[in-house]
Number of protein chains: 2
Amino acid sequence: MRITNVFSQISKESMEKILPCFKPYWKEYSHGETILTYGTSAPSQVEILESGKARLEILNEDGDVFLIEHLEAGDVFGEPFSLPLEKFVYTVTAEEDCRVLFMNYNHIIKPCANLCEHHSQIISNLFIMAAQKSQGLALHISLLHQSTIRNKVLSYLSYASTVCKKNADGYFTIPMSLVALAEYLSVDRSAMMREIKAMKAEGLIDGNKREFKVFESEFIGH
Amino acid sequence: MRITNVFSQISKESMEKILPCFKPYWKEYSHGETILTYGTSAPSQVEILESGKARLEILNEDGDVFLIEHLEAGDVFGEPFSLPLEKFVYTVTAEEDCRVLFMNYNHIIKPCANLCEHHSQIISNLFIMAAQKSQGLALHISLLHQSTIRNKVLSYLSYASTVCKKNADGYFTIPMSLVALAEYLSVDRSAMMREIKAMKAEGLIDGNKREFKVFESEFIGH
DNA sequence: GCTTTGTTGTTGCATAAGCAACAAAAACGC
DNA sequence: GCGTTTTTGTTGCTTATGCAACAACAAAGC
């Protein structure tokens, strides 16, 4: 159900009419490269990650780096989505080889002089992608709000168990390393490992390395 | 620069053509009322808060309530923006008397049979509002990622100082109670008060109650 | 007016979790 | 192949912060 291509539903013939209008261009980045730093890109651009994985990080004034977002195919990013704050620097870095689409933001928000017929389809796709982005951010906030490491990890695993492919025994593999998970949940990795170990001992979860299984907790209530 | 009205740039005549198309309707809520709970509203609706203030909260399985978002005039919300997770209940509650616009989401994502000329303007406005929403969520995540209460509060105040009206002496009043701020930053209120007190003693900030002034920190570096 | 509710402010105590430091295994680069 | 880097896994110590419990004050309701 997830849209990953802003030009979906648009025929090749229409594409040729649209291209001069939205002035899209593509660029490839290899692992480790900086795709953009907020403030340096044209503020009237939106970027779409078409393939690969990237990460949006902030650097605060103390020099601490925090992982804000994992970006995957179909994710939109750019200044219109992250207000550059004083004292914070936002950076998007490629975690794999990436293909990025740059699009003119002004054209999206102003009516099209050519009234190209698929203008509204593209904007609609962009709207959906922006909504998808909000879903990801809202999920992240819900996890960060959990007060204990245990609840953060359990909430994440409970979410992951609905998204990841499970094998016959109910085990699934999370899509990031435990180092990255600790960053994402904003907890100390060693403390998280300790908590995972404890939860395994208590029979709440099972697994090893990135593979997990969540045992449905007994009904706790009235 | 912030858009708060999805029908901005649209003339009254056009509005009359559009109305049967997007099937918008409005509803008023008074302080304390529940506007919607995710899962109960039609998943193909988007809601826009036109006036008043509201809060989006989650309730986890332990019964803890967390403030995810403050909603103000111009904020979009609804299921398309917050995936309802298992074990989490999302609720939007009016904090003041509110006026809410409900709009058909299916119409936004499908091409308009009538090809109404302002269709794309409305979608474009919605896109901008969705992007604005992402900005707010990204800010919230940046704050939650700060590892100490001190950094959370300082980062928030530093942001607030760029947004709130300052008086001649550089003091500004934050737009929520300290109770709400502690919820928003996901910290214990008493611990936050302790930290605010300490920062005042150290000369980093000044003020009382909701009024603050941030002293620019000396250059710390190389 | 009075009562109730919410906000600000404070402190003592217990502990969850950060930090530092390490080792083994796996993955990667060449 | 082999060296380097990353990931997983572990533990001891320390402290930031959550929790509980309180009091004074302000605001809201009647």
Side-chain angles (χ1 to χ4, degrees), chain A residues 30-32 53 55 60 62-67 93-97 143-157 173-202 204-212, chain B residues 30-32 53 55 60 62-67 93-97 143-154 156-157 173-202 205-212:
Chain A
S30 46
H31 176 263
K53 288 186 178 177
R55 46 165 54 200
N60 73 3
D62 296 341
D64 308 316
V65 177
F66 302 100
L67 176 64
T93 319
E95 284 186 306
E96 297 175 359
D97 292 357
L143 297 173
L144 291 175
H145 262 298
Q146 303 301 308
S147 53
T148 60
I149 293 183
R150 174 168 296 218
N151 280 341
K152 284 183 180 178
V153 173
L154 276 180
S155 301
Y156 174 76
L157 289 181
T173 302
I174 63 169
M176 62 180 116
S177 74
L178 297 175
V179 176
L181 178 60
E183 278 186 90
Y184 177 70
L185 298 178
S186 203
V187 298
D188 180 72
R189 189 189 60 84
S190 69
M192 186 183 81
M193 299 298 290
R194 183 163 45 206
E195 207 58 35
I196 288 173
K197 193 183 174 188
M199 288 191 287
K200 284 176 185 167
E202 291 174 40
L204 285 169
I205 60 174
D206 188 37
N208 79 88
K209 302 202 172 178
R210 292 190 198 180
E211 197 179 57
F212 289 96
Chain B
S30 46
H31 177 262
K53 287 185 179 179
R55 46 164 54 202
N60 72 3
D62 296 341
D64 308 316
V65 177
F66 302 100
L67 177 63
T93 319
E95 284 187 305
E96 296 176 358
D97 293 357
L143 298 173
L144 291 176
H145 262 298
Q146 302 301 309
S147 53
T148 60
I149 293 182
R150 173 168 296 217
N151 280 340
K152 283 183 180 179
V153 172
L154 275 181
Y156 174 76
L157 289 180
T173 301
I174 63 171
M176 61 180 117
S177 73
L178 297 176
V179 176
L181 178 60
E183 278 186 272
Y184 177 71
L185 298 178
S186 201
V187 298
D188 181 73
R189 188 189 60 85
S190 69
M192 186 183 81
M193 298 299 289
R194 182 164 44 205
E195 206 57 40
I196 289 174
K197 193 184 175 190
M199 288 191 287
K200 283 176 186 168
E202 291 173 39
I205 60 173
D206 188 38
N208 79 86
K209 302 201 173 178
R210 293 190 198 180
E211 196 179 58
F212 290 95

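Order of the sequence lines fixes the chain letters, A, B, ..., with proteins taken first and strands second; residue numbering starts at 1 for each chain.
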On a heavy-atom basis, which atom in [X] and which in [Y] lie closest, and how many Å separate them?
| X | Y | result |
| --- | --- | --- |
| A:Ala182 | A:Arg189 | CB-CA, 3.7 Å |
| B:Lys152 | B:Ser186 | NZ-O, 3.9 Å |
| B:Met192 | B:Ile149 | CA-CG2, 3.9 Å |
| B:Lys209 | B:Leu178 | O-CD1, 3.9 Å |

Please report, rounded to the nearest Å, how far the [atom2] atom of [N] is from the [atom1] atom of [X].
| X | N | atom1 | atom2 | answer |
| --- | --- | --- | --- | --- |
| B:Lys197 | D:dT17 | NZ | C1' | 16 Å |
| B:Arg150 | D:dG18 | CZ | C1' | 18 Å |
| A:Asp188 | D:dT11 | CG | P | 15 Å |
| B:Met193 | D:dA20 | CE | P | 19 Å |
| A:Glu195 | D:dT11 | CD | C1' | 15 Å |
| B:Asn208 | D:dA26 | CG | P | 11 Å |
| B:Arg194 | D:dA16 | CZ | P | 10 Å |
| A:Glu183 | D:dT6 | CD | C1' | 13 Å |

task: Let me know, please, whether A:Lys209 or A:Ile149 comes out on the 5' side of the other along DNA chain C by nearest nucleotide.
output: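 Upstream on the strand: A:Ile149.
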- request: Return yes if some donor-acceptor pair links the side-chain N/O of B:Asp97 with the main-chain N/O of B:Ser30 below 3.5 Å, else return no.
  value: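 Such a contact is absent between B:Asp97 side chain and B:Ser30 backbone.
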message: Could you tell me if the side chain of B:Ile205 sits less than 4.5 Å from the side chain of B:Leu154, heavy atoms only?
response: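 In contact.
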- request: Remember a base hit wins even if backbone is also touched, and classify B:Thr148 as base, sugar-phosphate or nothing at under 4.0 Å, heavy atoms.
  value: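 Sugar-phosphate: the residue B:Thr148, judged by heavy atoms under 4.0 Å, touches backbone atoms but no base.
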task: For DNA chain C, note the earliest and the latest nucleotide, 5' to 3', having some atom under 4.0 Å of a heavy atom belonging to chain A.
output: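 Listing 5' to 3', DNA chain C meets chain A from C:dA17 to C:dA26.
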